[in-house]
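Scroll down for the structure; my scribbles are underneath it.
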Amino acid sequence: EWLDDWRDYVRSTLDSSPAAQAGARRAFIVMAERAGSHPGLAAAAARYRLEPSASHAHHAELTTAEQDALSSWAPDPVEREILERGSGLQIDPEIRAALVRFLKDARRKTVVFASFTMTARHIREALAGEFGPHAIAAHLTDEDPAAVEEEVDRFRDAADKCWILVCDRSAEEGRNFQFADQAIHFDLPFSPNRLEQRIGRLDRYGRGSVIPTYAIESVPRTIAAAWK
């Protein structure tokens with residue numbers, strides 16, 4: 001709920017010029033995408049808003065444009081108090097538990113998409129603890145390309161015990177996962193084009209069957225949940 005409080009406060013205090021409102025919208029999307037993926041990312045983004053630094057930007061996985069959006073105006077004391085609340089966020093264990101329950105009930109070759117590397121690593125570790133490391137492969141931005149290809153090959157191999165591939169946004173383009181049975185969106189990007197790109201990794205020309213795709217619910221009655 002702190003994100004809703006932050007948005008409402010910022011909207012009430014910024015001037016009504018189109019440039020200021022556009023900047024606030026960009027900043028809110030930066031925060032909301034991270035809050036809907038992994039609270040640790042939102043907490044890091046809040047810390048960057050409070051004190052811009054390369055370290056905070058790295059931990060929040062901020063692009064240069066996103067850094068500019070979050071630092072485009074100075075926070076006042078009230079906003080700082082709200083951001084301090086956000087800087088201590090922790091992930092809700094129920095979201096991870098919901099993913100595990102779903103996979104136990106639908107044990108098929110599954111691609112799990114996440115928007116950020118921190119989130120994907122968290123998912124990989126959680127699922128490896130539940131199903132064993134042999135069952136999980138990963139496609140992550142900061143890993144060696146050769147190692148990523150080995151992981152994808154292991155997931156593709158029907159004789160291998162690997163049946164879950166966890167991906168960050170590096171797998172949203174240029175990949176063919178037509179051999180997979182279903183896709184799960186652990187989070188949803190705010191860009192519909194990116195969502196289409198994810199689905200297109202499995203829904204390839206000539207496949208024939210409809211691709212089941214699912215989204216893991218986040219905290220109810222929030223903006224992130226409304227998008228899902």
Side-chain angles (χ1 to χ4, degrees), residues 33-47 55 58-61 86-172 175 177 179-189 194-195 198-199 201-202 211-220 222 224-225 228:
E33 283 195 319
R34 285 158 178 77
S37 181
H38 191 301
L41 289 160
R47 288 192 291 270
S55 176
H58 173 74
H59 286 104
E61 301 183 34
S87 67
L89 289 172
Q90 300 293 325
I91 195 165
D92 181 358
E94 179 52 32
I95 298 176
R96 181 178 58 199
L99 175 62
V100 169
R101 287 195 300 269
F102 180 88
L103 288 169
K104 284 182 175 179
D105 292 338
R107 197 181 179 101
R108 297 185 289 173
K109 232 173 196 14
T110 302
V111 180
V112 181
F113 287 105
S115 293
F116 301 97
T117 305
M118 175 191 286
T119 309
R121 288 190 182 283
H122 173 83
I123 296 167
R124 180 178 64 177
E125 292 169 5
L127 296 183
E130 187 68 35
F131 301 110
H134 60 277
I136 316 300
H139 191 301
L140 303 178
T141 298
D142 58 359
E143 294 199 345
D144 182 76
V148 171
E149 292 303 322
E150 290 178 4
E151 291 284 275
V152 173
D153 288 344
R154 193 162 61 86
F155 177 64
R156 181 186 293 109
D157 187 353
D160 198 286
K161 294 181 180 180
C162 177
W163 59 282
I164 301 171
L165 177 66
V166 180
C167 305
D168 63 14
R169 67 183 301 165
S170 64
E172 291 179 355
R175 283 295 184 179
F177 298 142
F179 53 87
D181 298 313
Q182 62 185 2
I184 297 176
H185 305 285
F186 188 82
D187 57 37
L188 291 179
R194 283 185 56 201
L195 185 58
R198 287 183 180 183
I199 295 170
R201 299 315 94 214
L202 285 74
I211 307 301
T213 59
Y214 307 91
I216 300 299
E217 181 62 276
S218 57
V219 180
T222 64
K228 292 184 178 182

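These values consider heavy atoms only, across backbone and side chains, with no hydrogens, waters or symmetry-generated copies. FYI, the numbering just counts along the sequence from 1. Just so we're clear, the structure is a prediction, and the values are computed from it rather than from any experiment.
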Considering only heavy atoms from C-beta outward, does the side chain of [X] approach that of [Y] to under 4.5 Å?
X      : Y      : value
Ile184 : Leu103 : yes
Thr110 : Leu165 : no
Pro189 : Glu33  : yes
Phe177 : Val152 : yes

For residues [X] and [Y], report the shortest heavy-atom separation together with the two atoms involved.
X      : Y      : value
Gly86  : Ala46  : C-CB, 4.2 Å
Leu195 : Leu188 : CD1-CD2, 3.7 Å
Cys162 : Phe155 : SG-CA, 3.8 Å
Gly40  : Arg47  : O-NH2, 4.4 Å
Arg107 : Phe131 : NH1-CD2, 3.8 Å
Ala60  : Arg34  : O-NE, 2.7 Å

Starting at [atom1] of [X], measure out to [atom2] of [Y] and round the result to the nearest 0.5 Å.
X      : Y      : atom1 : atom2 : result
Ile95  : His122 : CD1   : NE2   : 8.5 Å
Asp144 : Glu150 : CG    : CD    : 8.5 Å
Ile164 : Ile136 : CD1   : CD1   : 3.5 Å
Asp168 : Leu140 : CG    : CG    : 5.0 Å
Ile211 : Leu202 : CD1   : CG    : 5.5 Å
Leu99  : Tyr214 : CG    : OH    : 13.0 Å

Looking at residues at least two apart in the chain, or sitting in another chain, which of them share a side chain to side chain contact (heavy atoms under 4.5 Å, CB included) with Ala97?
Glu94, Arg101
Under a 4.0 Å threshold between the charged nitrogen and the carboxylate oxygen, would Arg154 count as salt-bridged to Asp157?
no
Taking only Lys NZ, Arg NE, NH1 and NH2, and the carboxylate oxygens of Asp or Glu, determine whether Arg121 and Glu143 approach each other closer than 4.0 Å.
yes
Just do the side chain to side chain donor-acceptor pair (under 3.5 Å) check on Thr119 and Ser37 with the steps written out, would you?
CA-CA 6 Å; Thr119 309; Ser37 181; 2.6 Å; yes
Could you pull out all residues at least two apart from Arg175 that satisfy salt bridge (charged side-chain N to carboxylate O under 4.0 Å, His left out)?
Glu149
Only counting residues at least two apart or in another chain, list the ones meeting salt bridge (charged side-chain N to carboxylate O under 4.0 Å, His left out) with Glu172.
Arg194, Arg198
Side chain of Glu61, backbone of Thr117: donor and acceptor closer than 3.5 Å?
yes
Do the side chain of Asp187 and the main chain of Ala114 share a donor and acceptor less than 3.5 angstrom apart?
no
Side-chain H-bond candidate by donor/acceptor type, His139 with Ser170, under 3.5 Å
yes
Could you check whether atom NE2 of His134 has more than 12 heavy atoms from other residues, nucleotides or ligands sitting under 6.0 Å from it?
yes
Please report whether the ring centroid of Phe113 lies less than 6.0 Å from that of Phe186.
no
Passes side chain to side chain contact (heavy atoms under 4.5 Å, CB included), His185 versus Thr213? Steps please.
CA-CA 7 Å; His185 305 285; Thr213 59; 4.1 Å; yes
Taking the six-membered ring of Phe179 (Phe, Tyr or Trp), confirm whether the NZ or CZ of Lys109 is under 6.0 Å from its centre and within 45° of its axis.
no
